[in-house]
Novice: 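Here it is, the structure in full.
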Number of protein chains: 2
Amino acid sequence: MAKFENIKEHIYQKIESGEWPEYHPVSSENALANQFKVSRMTARRALQELSDEGLVTRTRGSGTFVAPLKSQSALLTIRNIADEIALRNHRHHAEVVCMEKVPASPTLATFLHVPVQSQVWHSIIIHHENGQPVQVEDRYVNPRLVPNYGEQDFTQRTPHDYLCEVTPLTEASHQIEAVLPSAALSRWLKVEALEPCLQINRRTWCRDGVVSQATLTHPGSRFRLGGHMTFRASKKS
Amino acid sequence: MAKFENIKEHIYQKIESGEWPEYHPVSSENALANQFKVSRMTARRALQELSDEGLVTRTRGSGTFVAPLKSQSALLTIRNIADEIALRNHRHHAEVVCMEKVPASPTLATFLHVPVQSQVWHSIIIHHENGQPVQVEDRYVNPRLVPNYGEQDFTQRTPHDYLCEVTPLTEASHQIEAVLPSAALSRWLKVEALEPCLQINRRTWCRDGVVSQATLTHPGSRFRLGGHMTFRASKKS
DNA sequence: TCTTTGCTAATGTATATACAAGCTGTACTC
DNA sequence: GAGTACAGCTTGTATATACATTAGCAAAGA
């Protein structure tokens, strides 16, 4: 492996393991150069690439620091429903319908990479915007990676928020489809049985395996998923 | 502006203007260093950053070349329905329902940034996968930027393909929602009026303005939108 | 006490150089 | 003619050096 990659690896470990939390200072270019017995330009390259990847932020005159985790997936943000509602200056509140441990069905076991019939966390939470239900979050969580999931108070913070903190996410996959709500869903969302809903299926990974699999259902009449992208990073002229 | 930025700018112009098409060779590091009277390392930096941004591809021993445009938005791909179907080894065919010039309604005029009542291209195309309809593409195109849109044969190539070629896209925004199909849509998609559909609203920009606004409707029972992302670019160990 | 000044350390840009490693075409050999 | 060896160009990695720009702090001054 190239020398600059060793240095990146070293710093990445510190961040991923949680030893260096958000905003923790990272060794300076000169310090790394001494420590790894390389030239400053080589140490610089490692830090520069970590900065490009969004893991650290750098400020001339000040130094290099671990970037806030929430900005690490800046490109296609995994949205936190509570933040999104707050952004619109609306009021968010969550209702925990269910929080239990259940044995994993064969399908679920495959999704979460756990043994069939092993106990997994299951929660159902209804998110409201200004008193109206806008999302039902039906989530299964791997108890090996998140043993204390059931003890959290999810009326105060969202599961997404909590999971991001205890297991730094490294990977995610989404599937979006349009469905008709089940009886329970239409009751929870206070919509008619024939109203189309937007359903997002999301699995998230951390370094050690599948953390969680969630089905987020939104009423079609009260929700849109938006995205914007530009193909060019640098600014014009 | 920094020297390496000047070089980037120079190359970017060539690509954006279309003077250098896909796979066109880019001057080598040494050639650029001579041309711009800088050191090789500075020229290298310009090429390296363009490579990071996905505008060019580089191969040791061979050279630097303009990247194929379709890979320029690698992160959240703007999918081409035909490619997607081909990827599944299925058969794609398109049916052009309508191709006309219509006066822009006030709403549409706002979307496309054109004068109200000015003529714009309007096309409706049904995309089939193995004979079954999977997408209705209802598209409005800015005739100032794409004057010959109406003369293309969209049974052979998709509008997305054509638009990518004649106007290098620089920006795009999406909105996804779940809806019930209109009468015409349910007829075209051969679904019942009560089947929920996934509707994607997409606007695309090139350097000179809004190119096109499209509404893509998929039957919920036959379509899913997927995405996958990792938060770390480099590979492990 | 508040302000100014200046020092130090950190990142940002640029250069010159060296060698490693991979692709391509040419010339040579069999 | 077919295969091989090699030379030359390309990108990739690494080093040493110089100077610019900025943040933060400390000391001197009013």
Side-chain angles (χ1 to χ4, degrees), chain A residues 1-12 14-15 20-68 71 233-237, chain B residues 1-12 14-15 20-68 71-72 74 233-237:
Chain A
M1 202 196 299
K3 296 186 182 179
F4 76 93
E5 283 179 306
N6 281 318
I7 303 179
K8 280 180 68 175
E9 208 55 39
H10 170 254
I11 297 170
Y12 189 79
K14 299 279 187 184
I15 297 176
W20 289 354
E22 294 181 355
Y23 307 109
H24 188 278
V26 178
S27 319
S28 75
E29 296 177 356
N30 282 316
L32 286 172
N34 287 328
Q35 185 183 344
F36 284 86
K37 303 270 183 269
V38 297
S39 75
R40 180 192 150 207
M41 292 307 283
T42 302
R44 173 178 180 70
R45 176 166 178 183
L47 292 177
Q48 192 59 57
E49 292 198 1
L50 288 170
S51 169
D52 290 344
E53 292 167 21
L55 271 85
V56 302
T57 60
R58 320 191 69 205
T59 319
R60 172 177 354 194
S62 177
T64 304
F65 305 88
V66 176
S71 72
S234 64
K235 32 187 187 311
K236 307 204 177 198
S237 72
Chain B
M1 202 195 301
K3 296 187 181 180
F4 75 93
E5 284 179 307
N6 281 319
I7 303 179
K8 282 180 69 176
E9 208 54 40
H10 171 254
I11 297 170
Y12 187 79
K14 300 278 187 184
I15 298 176
W20 289 355
E22 295 181 356
Y23 306 111
H24 187 280
V26 178
S27 320
S28 75
E29 296 177 355
N30 282 316
L32 285 172
N34 286 328
Q35 185 183 343
F36 284 87
K37 304 270 184 271
V38 298
S39 76
R40 183 194 148 205
M41 293 306 284
T42 303
R44 173 178 180 71
R45 176 165 178 186
L47 291 177
Q48 193 58 59
E49 293 199 359
L50 288 170
S51 169
D52 291 343
E53 292 168 21
L55 270 83
V56 302
T57 60
R58 318 191 71 204
T59 321
R60 176 188 335 205
S62 178
T64 304
F65 305 88
V66 175
S71 71
Q72 285 194 20
S234 64
K235 34 189 185 308
K236 305 203 181 200
S237 73

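Order of the sequence lines fixes the chain letters, A, B, ..., with proteins taken first and strands second; residue numbering starts at 1 for each chain.
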Novice: How long is the line joining CD of B:E29 and C1' of D:dT11, in whole Å?
Specialist: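 In whole Å, D:dT11 C1' and B:E29 CD are 6 Å from each other.
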Novice: For B:R44 and C:dT13, what is the distance between atoms CZ and C1' respectively, to the nearest whole Å?
Specialist: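 These atoms are roughly 16 Å apart.
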Novice: At their closest point, which heavy atom of A:Y23 faces which heavy atom of A:F65, and how far apart are they?
Specialist: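 Of all heavy-atom pairs spanning A:Y23 and A:F65, the closest is O-CD2, 3.6 Å.
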Novice: For A:E29, which of A:R40, A:R45, A:R60 qualifies under salt bridge (charged side-chain N to carboxylate O under 4.0 Å, His left out)?
Specialist: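 Answer to the salt bridge (charged side-chain N to carboxylate O under 4.0 Å, His left out) test with A:E29 among A:R40, A:R45, A:R60: A:R40.
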Novice: Check A:I11 against A:L47 and note the closest heavy-atom contact, atom names and distance.
Specialist: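 In terms of heavy atoms, the two residues are closest at CD1-CD2, 3.7 Å.
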Novice: Between A:T42 and A:S62, which is nearer to the 5' end of DNA chain D once each is assigned its nearest nucleotide?
Specialist: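 Residue closer to the 5' terminus by nearest nucleotide: A:T42.
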Novice: In whole angstrom, what separates A:K3's NZ from D:dA16's C1'?
Specialist: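 These atoms are roughly 13 Å apart.
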Novice: Taking only the side-chain nitrogens and oxygens of B:S28, find out if one of them lies under 4.0 Å from OP1 or OP2 of D:dT10.
Specialist: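 Indeed, a polar side-chain atom of B:S28 lies that close.
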Novice: Quick one: on DNA chain D, does A:K37 or B:T64 contact a more 5' nucleotide (nearest heavy atom)?
Specialist: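 Nearer the 5' end of the strand: B:T64.
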Novice: Just to confirm, is there a sub-4.0 Å distance from OP1 or OP2 of C:dA14 to any side-chain nitrogen or oxygen of B:R45?
Specialist: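 No, B:R45 has no side-chain N/O under 4.0 Å of OP1/OP2 on C:dA14.
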Novice: Using a cut-off of strictly less than 4.0 Å, decide whether B:Q48 has a side-chain nitrogen or oxygen near OP1 or OP2 of D:dT11.
Specialist: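 Checking B:Q48 against D:dT11: no side-chain N or O falls below 4.0 Å of OP1 or OP2.
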Novice: Below 4.0 angstrom from OP1 or OP2 of D:dT10, is there any side-chain N or O of B:R58?
Specialist: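 Looking at the OP1 and OP2 atoms of D:dT10, neither is under 4.0 Å from any side-chain N or O of B:R58.
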Novice: How close or far is atom P of D:dT15 from atom CZ of B:R40, stated in whole angstroms?
Specialist: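 It is 16 Å, rounded to the nearest whole Å.
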Novice: With a 3.5 Å cut-off and no angle check, do the side chains of A:T64 and A:R58 form a donor-acceptor pair?
Specialist: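 Note: A:T64 and A:R58 side chains meet the donor-acceptor criterion.
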Novice: From C:dT15, D:dT21, D:dT13, pick the nucleotide closest to the side chain of A:R60?
Specialist: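 Nearest to the side chain of A:R60 among the choices is D:dT21.
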Novice: To the side chain of A:M41, which of D:dT10, C:dT17, D:dT17 is closest?
Specialist: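 Among D:dT10, C:dT17, D:dT17, the one nearest the side chain of A:M41 is D:dT17.
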